[in-house]
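A short write-up of the structure that comes next.
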2 protein chains.
Amino acid sequence: MVFNKELLRGTLELIVLHLISIGDTYGYALTGRVSELSEGRIDLKEGTLYPILYRLENEGMVESFWATQERGVPRKYYRITEKGRGRLGELREEWSAFVECVAKILMCERQGDSTDGCANP
Amino acid sequence: MVFNKELLRGTLELIVLHLISIGDTYGYALTGRVSELSEGRIDLKEGTLYPILYRLENEGMVESFWATQERGVPRKYYRITEKGRGRLGELREEWSAFVECVAKILMCERQGDSTDGCANP
DNA sequence: CCATATACTTAGTGTTGCTAGGTATATGAT
DNA sequence: ATCATATACCTAGCAACACTAAGTATATGG
(Lines give C-alpha, C1' and ligand atoms only; values in the text may rest on other atoms or scores of the structure.)
Protein backbone atom coordinates (compact mmCIF):
# COMPACT_ATOMS: atom_id res chain seq x y z
CA MET A 1 0.00 0.00 0.00
CA VAL A 2 2.35 2.69 1.25
CA PHE A 3 5.51 3.26 -0.80
CA ASN A 4 8.87 2.07 0.47
CA LYS A 5 10.11 4.99 2.51
CA GLU A 6 13.53 4.93 0.83
CA LEU A 7 11.83 6.01 -2.40
CA LEU A 8 10.72 9.22 -0.71
CA ARG A 9 14.27 10.38 -0.11
CA GLY A 10 15.09 13.38 -2.19
CA THR A 11 11.52 13.81 -3.43
CA LEU A 12 9.82 14.99 -0.27
CA GLU A 13 11.61 18.32 -0.40
CA LEU A 14 10.41 18.75 -3.98
CA ILE A 15 6.83 17.82 -3.10
CA VAL A 16 6.69 20.09 -0.05
CA LEU A 17 8.24 23.03 -1.86
CA HIS A 18 5.81 22.57 -4.76
CA LEU A 19 2.75 22.47 -2.51
CA ILE A 20 3.87 25.61 -0.70
CA SER A 21 4.48 27.28 -4.08
CA ILE A 22 0.84 26.97 -5.13
CA GLY A 23 -0.33 28.81 -2.02
CA ASP A 24 0.77 29.63 1.53
CA THR A 25 0.05 26.71 3.80
CA TYR A 26 0.99 25.18 7.15
CA GLY A 27 2.47 21.92 8.35
CA TYR A 28 -0.57 20.04 9.50
CA ALA A 29 -2.45 20.85 6.28
CA LEU A 30 0.47 19.55 4.22
CA THR A 31 0.38 16.10 5.80
CA GLY A 32 -3.28 15.75 4.86
CA ARG A 33 -2.83 17.21 1.39
CA VAL A 34 -0.03 14.79 0.55
CA SER A 35 -2.07 11.87 1.81
CA GLU A 36 -5.04 12.97 -0.33
CA LEU A 37 -3.07 13.58 -3.50
CA SER A 38 -1.19 10.30 -3.17
CA GLU A 39 -4.35 8.42 -2.27
CA GLY A 40 -2.75 7.34 0.98
CA ARG A 41 0.38 5.94 -0.60
CA ILE A 42 2.62 8.66 0.78
CA ASP A 43 2.07 8.98 4.50
CA LEU A 44 4.08 12.10 5.30
CA LYS A 45 4.69 11.99 9.04
CA GLU A 46 4.92 15.10 11.19
CA GLY A 47 8.30 13.96 12.45
CA THR A 48 9.43 14.01 8.82
CA LEU A 49 7.67 17.13 7.62
CA TYR A 50 8.60 19.63 10.31
CA PRO A 51 12.34 19.06 9.97
CA ILE A 52 11.96 19.52 6.18
CA LEU A 53 10.18 22.83 6.74
CA TYR A 54 12.89 24.04 9.13
CA ARG A 55 15.57 23.02 6.64
CA LEU A 56 13.82 24.90 3.84
CA GLU A 57 13.45 27.96 6.05
CA ASN A 58 17.08 27.87 7.19
CA GLU A 59 18.15 27.77 3.56
CA GLY A 60 15.92 30.73 2.72
CA MET A 61 13.62 28.75 0.42
CA VAL A 62 10.51 29.58 2.47
CA GLU A 63 9.46 32.17 5.06
CA SER A 64 7.12 31.49 7.96
CA PHE A 65 4.59 33.54 9.92
CA TRP A 66 2.17 32.71 12.70
CA ALA A 67 -1.51 33.19 12.04
CA THR A 68 -3.91 33.16 14.98
CA GLN A 69 -7.47 32.24 14.18
CA GLU A 70 -10.93 33.02 15.52
CA ARG A 71 -10.91 29.60 17.05
CA GLY A 72 -8.40 26.80 17.28
CA VAL A 73 -4.65 26.55 17.69
CA PRO A 74 -2.46 29.15 15.93
CA ARG A 75 -0.96 27.94 12.68
CA LYS A 76 2.53 28.53 11.35
CA TYR A 77 2.19 29.35 7.67
CA TYR A 78 4.94 28.99 5.09
CA ARG A 79 5.41 31.07 1.93
CA ILE A 80 7.88 30.29 -0.83
CA THR A 81 10.62 32.86 -1.58
CA GLU A 82 12.13 33.80 -4.94
CA LYS A 83 15.15 31.71 -4.02
CA GLY A 84 12.75 28.87 -3.25
CA ARG A 85 11.15 29.14 -6.68
CA GLY A 86 14.57 28.84 -8.25
CA ARG A 87 15.32 25.77 -6.19
CA LEU A 88 11.93 24.28 -7.03
CA GLY A 89 12.71 24.58 -10.73
CA GLU A 90 16.04 22.85 -10.25
CA LEU A 91 14.50 20.04 -8.21
CA ARG A 92 11.77 19.51 -10.80
CA GLU A 93 14.33 19.27 -13.60
CA GLU A 94 16.58 16.94 -11.67
CA TRP A 95 13.64 14.71 -10.78
CA SER A 96 12.37 14.39 -14.35
CA ALA A 97 15.89 13.77 -15.66
CA PHE A 98 16.34 11.07 -13.04
CA VAL A 99 13.04 9.41 -13.91
CA GLU A 100 13.99 9.37 -17.60
CA CYS A 101 17.39 7.98 -16.77
CA VAL A 102 16.01 5.11 -14.72
CA ALA A 103 13.41 4.39 -17.42
CA LYS A 104 16.19 4.12 -19.99
CA ILE A 105 18.13 1.67 -17.84
CA LEU A 106 15.04 -0.45 -17.16
CA MET A 107 14.25 -0.55 -20.88
CA CYS A 108 17.62 -2.10 -21.61
CA GLU A 109 17.22 -5.79 -22.30
CA ARG A 110 20.65 -6.96 -23.35
CA GLN A 111 24.18 -6.88 -22.03
CA GLY A 112 25.92 -3.72 -23.15
CA ASP A 113 28.78 -3.86 -25.63
CA SER A 114 29.70 -0.25 -24.81
CA THR A 115 28.64 0.98 -28.25
CA ASP A 116 24.88 0.65 -28.02
CA GLY A 117 22.69 3.15 -26.31
CA CYS A 118 20.49 0.31 -25.26
CA ALA A 119 17.77 1.34 -27.67
CA ASN A 120 17.03 -2.31 -28.48
CA PRO A 121 16.25 -1.69 -32.16
CA MET B 1 25.94 16.58 -13.41
CA VAL B 2 25.62 13.61 -11.08
CA PHE B 3 22.19 13.10 -9.48
CA ASN B 4 21.62 13.92 -5.83
CA LYS B 5 22.54 10.67 -4.11
CA GLU B 6 19.37 10.70 -2.02
CA LEU B 7 17.39 10.15 -5.21
CA LEU B 8 19.17 6.84 -5.70
CA ARG B 9 17.81 5.39 -2.49
CA GLY B 10 15.38 2.63 -3.17
CA THR B 11 16.09 2.56 -6.90
CA LEU B 12 19.59 1.10 -6.90
CA GLU B 13 18.31 -2.30 -5.83
CA LEU B 14 15.85 -2.22 -8.74
CA ILE B 15 18.53 -1.16 -11.22
CA VAL B 16 21.04 -3.77 -10.05
CA LEU B 17 18.49 -6.57 -10.01
CA HIS B 18 17.31 -5.61 -13.49
CA LEU B 19 20.83 -5.57 -14.94
CA ILE B 20 21.56 -8.99 -13.42
CA SER B 21 18.26 -10.28 -14.83
CA ILE B 22 19.29 -9.60 -18.43
CA GLY B 23 22.41 -11.72 -18.06
CA ASP B 24 24.80 -13.04 -15.41
CA THR B 25 27.31 -10.37 -14.50
CA TYR B 26 29.76 -9.31 -11.80
CA GLY B 27 30.23 -6.32 -9.56
CA TYR B 28 32.93 -4.41 -11.32
CA ALA B 29 31.13 -4.70 -14.66
CA LEU B 30 27.94 -3.35 -13.09
CA THR B 31 29.58 -0.14 -11.95
CA GLY B 32 30.71 0.58 -15.50
CA ARG B 33 27.42 -0.48 -17.06
CA VAL B 34 25.40 1.84 -14.84
CA SER B 35 27.74 4.72 -15.59
CA GLU B 36 27.39 4.06 -19.35
CA LEU B 37 23.63 3.72 -19.35
CA SER B 38 23.14 6.80 -17.22
CA GLU B 39 25.70 8.78 -19.22
CA GLY B 40 27.72 9.36 -16.08
CA ARG B 41 24.84 10.75 -14.06
CA ILE B 42 24.65 7.73 -11.77
CA ASP B 43 28.07 6.99 -10.34
CA LEU B 44 27.49 3.69 -8.60
CA LYS B 45 30.36 3.31 -6.13
CA GLU B 46 31.83 -0.05 -5.21
CA GLY B 47 31.21 0.72 -1.55
CA THR B 48 27.54 1.03 -2.45
CA LEU B 49 27.23 -1.81 -4.94
CA TYR B 50 28.84 -4.69 -3.07
CA PRO B 51 26.64 -4.32 0.01
CA ILE B 52 23.62 -4.30 -2.31
CA LEU B 53 24.79 -7.54 -3.93
CA TYR B 54 25.34 -9.19 -0.54
CA ARG B 55 21.90 -8.07 0.58
CA LEU B 56 20.28 -9.48 -2.55
CA GLU B 57 22.15 -12.76 -2.09
CA ASN B 58 21.23 -13.05 1.59
CA GLU B 59 17.61 -12.59 0.65
CA GLY B 60 17.84 -15.26 -2.04
CA MET B 61 17.22 -12.87 -4.92
CA VAL B 62 20.51 -13.74 -6.62
CA GLU B 63 23.08 -16.54 -6.49
CA SER B 64 26.82 -16.06 -6.89
CA PHE B 65 29.66 -18.16 -8.26
CA TRP B 66 33.34 -17.50 -8.77
CA ALA B 67 34.67 -17.69 -12.33
CA THR B 68 38.41 -17.86 -12.84
CA GLN B 69 39.65 -16.62 -16.17
CA GLU B 70 42.54 -17.36 -18.51
CA ARG B 71 44.07 -14.14 -17.32
CA GLY B 72 43.16 -11.56 -14.73
CA VAL B 73 41.57 -11.60 -11.32
CA PRO B 74 38.74 -14.10 -10.66
CA ARG B 75 35.27 -12.60 -10.92
CA LYS B 76 32.28 -13.23 -8.71
CA TYR B 77 29.28 -13.60 -10.99
CA TYR B 78 25.69 -13.11 -9.95
CA ARG B 79 22.62 -14.79 -11.40
CA ILE B 80 19.03 -13.86 -10.64
CA THR B 81 16.80 -16.50 -9.00
CA GLU B 82 13.10 -17.12 -9.53
CA LYS B 83 12.46 -15.36 -6.26
CA GLY B 84 14.56 -12.50 -7.55
CA ARG B 85 12.44 -12.22 -10.70
CA GLY B 86 9.36 -11.97 -8.56
CA ARG B 87 10.94 -9.22 -6.50
CA LEU B 88 12.09 -7.42 -9.65
CA GLY B 89 8.51 -7.33 -10.90
CA GLU B 90 7.32 -5.89 -7.62
CA LEU B 91 10.05 -3.25 -7.54
CA ARG B 92 9.27 -2.23 -11.12
CA GLU B 93 5.60 -1.81 -10.34
CA GLU B 94 6.26 0.10 -7.16
CA TRP B 95 8.68 2.40 -8.96
CA SER B 96 6.32 3.22 -11.81
CA ALA B 97 3.43 3.77 -9.41
CA PHE B 98 5.62 6.08 -7.37
CA VAL B 99 6.69 8.06 -10.43
CA GLU B 100 3.06 8.47 -11.48
CA CYS B 101 2.09 9.52 -7.98
CA VAL B 102 4.76 12.21 -7.79
CA ALA B 103 3.84 13.40 -11.28
CA LYS B 104 0.25 13.80 -10.21
CA ILE B 105 1.23 15.82 -7.16
CA LEU B 106 3.54 18.06 -9.18
CA MET B 107 0.80 18.65 -11.75
CA CYS B 108 -1.48 20.03 -9.07
CA GLU B 109 -1.63 23.80 -9.33
CA ARG B 110 -4.23 24.84 -6.84
CA GLN B 111 -4.97 24.35 -3.16
CA GLY B 112 -7.01 21.24 -2.61
CA ASP B 113 -10.60 21.47 -1.49
CA SER B 114 -10.64 17.75 -0.73
CA THR B 115 -13.05 17.02 -3.55
CA ASP B 116 -10.84 17.57 -6.57
CA GLY B 117 -8.42 15.01 -7.82
CA CYS B 118 -6.18 17.87 -8.82
CA ALA B 119 -6.82 17.24 -12.47
CA ASN B 120 -6.93 20.99 -13.15
CA PRO B 121 -9.66 20.77 -15.80
C1' DC C 1 59.87 -0.95 -11.17
C1' DC C 2 55.94 1.55 -10.78
C1' DA C 3 51.53 3.40 -12.27
C1' DT C 4 47.20 1.95 -13.76
C1' DA C 5 43.27 -1.04 -14.60
C1' DT C 6 40.79 -4.78 -13.02
C1' DA C 7 38.25 -6.89 -9.15
C1' DC C 8 36.55 -7.67 -4.54
C1' DT C 9 35.96 -6.25 0.57
C1' DT C 10 34.68 -3.53 4.65
C1' DA C 11 34.78 -0.22 8.74
C1' DG C 12 33.08 4.11 9.60
C1' DT C 13 30.38 8.60 8.32
C1' DG C 14 26.38 11.47 7.06
C1' DT C 15 21.76 12.37 5.52
C1' DT C 16 17.14 11.86 6.17
C1' DG C 17 12.69 9.52 7.02
C1' DC C 18 10.45 7.36 11.00
C1' DT C 19 9.19 6.30 15.97
C1' DA C 20 7.40 7.82 19.87
C1' DG C 21 6.95 10.75 22.79
C1' DG C 22 5.69 15.67 24.35
C1' DT C 23 2.72 20.43 24.61
C1' DA C 24 -1.63 22.96 23.85
C1' DT C 25 -6.50 24.32 22.25
C1' DA C 26 -11.21 23.23 20.88
C1' DT C 27 -15.29 20.16 20.34
C1' DG C 28 -18.51 16.47 20.77
C1' DA C 29 -19.96 12.52 23.44
C1' DT C 30 -20.74 10.15 27.84
C1' DA D 1 -17.79 17.56 34.34
C1' DT D 2 -14.81 14.39 32.03
C1' DC D 3 -12.79 12.05 28.38
C1' DA D 4 -11.79 10.97 23.63
C1' DT D 5 -10.70 12.98 19.39
C1' DA D 6 -9.12 16.35 16.06
C1' DT D 7 -6.24 20.05 15.28
C1' DA D 8 -1.49 21.87 15.43
C1' DC D 9 3.34 22.14 16.51
C1' DC D 10 7.93 20.29 18.36
C1' DT D 11 11.94 17.07 19.10
C1' DA D 12 15.30 13.36 20.81
C1' DG D 13 16.82 9.15 19.27
C1' DC D 14 16.68 5.17 15.80
C1' DA D 15 17.48 2.84 11.32
C1' DA D 16 18.47 2.31 6.52
C1' DC D 17 21.53 2.97 3.08
C1' DA D 18 24.70 5.63 -0.12
C1' DC D 19 29.28 7.24 0.32
C1' DT D 20 34.32 7.73 1.90
C1' DA D 21 38.44 5.77 2.24
C1' DA D 22 40.98 2.44 3.08
C1' DG D 23 42.73 -2.40 2.16
C1' DT D 24 44.03 -6.94 -0.73
C1' DA D 25 45.44 -9.06 -5.10
C1' DT D 26 46.53 -9.91 -10.20
C1' DA D 27 47.91 -8.33 -14.75
C1' DT D 28 49.88 -5.00 -18.08
C1' DG D 29 52.27 -1.17 -20.24
C1' DG D 30 55.79 2.38 -19.98
Side-chain angles (χ1 to χ4, degrees), chain A residues 1-17 24-36 38 41-59 62 64-78 91 98 102 114, chain B residues 2-17 20 24-36 38 41-59 62 64-78 91 98 102 114:
Chain A
M1 182 61 185
V2 166
F3 293 118
N4 175 353
K5 65 181 178 177
E6 297 299 331
L7 287 178
L8 303 179
R9 291 214 173 213
T11 62
L12 287 185
E13 189 178 317
L14 166 60
I15 288 170
V16 167
L17 203 49
D24 297 357
T25 188
Y26 57 98
Y28 194 78
L30 279 169
T31 62
R33 193 82 185 103
V34 168
S35 179
E36 258 176 53
S38 69
R41 301 202 64 179
I42 297 177
D43 184 19
L44 180 55
K45 306 294 171 53
E46 298 184 7
T48 300
L49 175 61
Y50 290 113
I52 290 176
L53 291 172
Y54 305 149
R55 232 153 56 211
L56 288 173
E57 189 170 20
N58 274 330
E59 295 167 357
V62 299
S64 69
F65 53 95
W66 285 93
T68 56
Q69 305 166 90
E70 303 279 324
R71 56 185 65 184
V73 189
R75 298 168 174 167
K76 193 173 180 183
Y77 276 82
Y78 290 88
L91 289 176
F98 180 65
V102 173
S114 85
Chain B
V2 166
F3 293 118
N4 175 354
K5 65 182 177 175
E6 297 300 331
L7 286 178
L8 303 179
R9 291 213 174 212
T11 62
L12 287 185
E13 189 178 316
L14 166 60
I15 289 170
V16 167
L17 203 49
I20 294 173
D24 298 357
T25 187
Y26 58 98
Y28 195 77
L30 279 169
T31 63
R33 193 83 185 101
V34 168
S35 179
E36 258 175 54
S38 69
R41 300 201 64 180
I42 298 177
D43 185 19
L44 179 55
K45 305 296 171 52
E46 298 184 5
T48 301
L49 174 62
Y50 289 111
I52 290 176
L53 292 172
Y54 306 149
R55 230 152 59 211
L56 288 173
E57 188 170 20
N58 273 331
E59 294 168 356
V62 299
S64 69
F65 53 95
W66 284 93
T68 56
Q69 305 167 91
E70 303 278 323
R71 55 185 66 184
V73 188
R75 296 167 176 169
K76 194 174 180 183
Y77 277 82
Y78 290 88
L91 289 176
F98 181 65
V102 173
S114 83

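- Separating the CG atom of A/Leu49 from the P atom of C/dC18 is a distance of 11 Å, rounded to the nearest angstrom.
- With hydrogens and angles disregarded, a donor-acceptor distance shorter than 3.5 Å links the side chain of A/Arg41 to the backbone of A/Met1.
- Residue contacts for A/Arg75: at a heavy-atom cut-off of 4.0 Å it reaches the sugar-phosphate backbone alone, with no base atom in range.
- Among the protein residues, A/Tyr54 comes within range of the sugar-phosphate backbone only, with heavy atoms under 4.0 Å from sugar or phosphate atoms but none that close to a base.
- One can find a donor-acceptor pair under 3.5 Å joining the base of D/dC9 and the side-chain atoms of A/Glu46.
- Using a 4.0 Å heavy-atom criterion, one finds that A/Leu12 contacts the sugar-phosphate atoms exclusively.
- Of all the residues in residues 24-31 of chain A, A/Tyr26, A/Gly27, A/Tyr28 reach under 4.0 Å from DNA chain D with at least one non-hydrogen atom.
- Residue whose closest nucleotide on DNA chain D sits further toward the 5' end, between A/Pro51 and A/Pro74: A/Pro74.
- Candidate nucleotides C/dA7, C/dG17, C/dT25 were compared by shortest atom distance to the side chain of A/Val73, and C/dT25 ranks first.
- Note that the CG atom of B/Leu8 and the CG atom of B/Leu14 stand 12.0 Å from one another [nearest 0.5 Å].
- Here CG of B/Asn4 is found 8.5 Å from CG of A/Leu91. Values are rounded to the nearest 0.5 Å.
- In this structure, the separation between CD1 on B/Ile52 and CD1 on B/Ile15 is 9.0 Å, given to the nearest 0.5 Å.
- Side-chain nitrogen and oxygen atoms of A/Lys76 include at least one within less than 4.0 Å of the OP1 or OP2 phosphate oxygen of D/dC10.
- Residue B/Arg9 has no polar side-chain atom (N or O) positioned under 4.0 Å from OP1 or OP2 of C/dG14.
- Checking the phosphate oxygens (OP1, OP2) of C/dT9, no side-chain nitrogen or oxygen of B/Tyr50 falls inside 4.0 Å.
- At least one side-chain nitrogen or oxygen of B/Lys45 sits closer than 4.0 Å to the OP1 or OP2 atom of D/dT20.
- Aromatic ring orientation, B/Phe3 versus A/Phe98: perpendicular (interplanar angle above 60°, classes split at 30° and 60°).
- With A/Ser38 contributing its side chain and A/Val34 its backbone, the two residues share a donor-acceptor pair below 3.5 Å.
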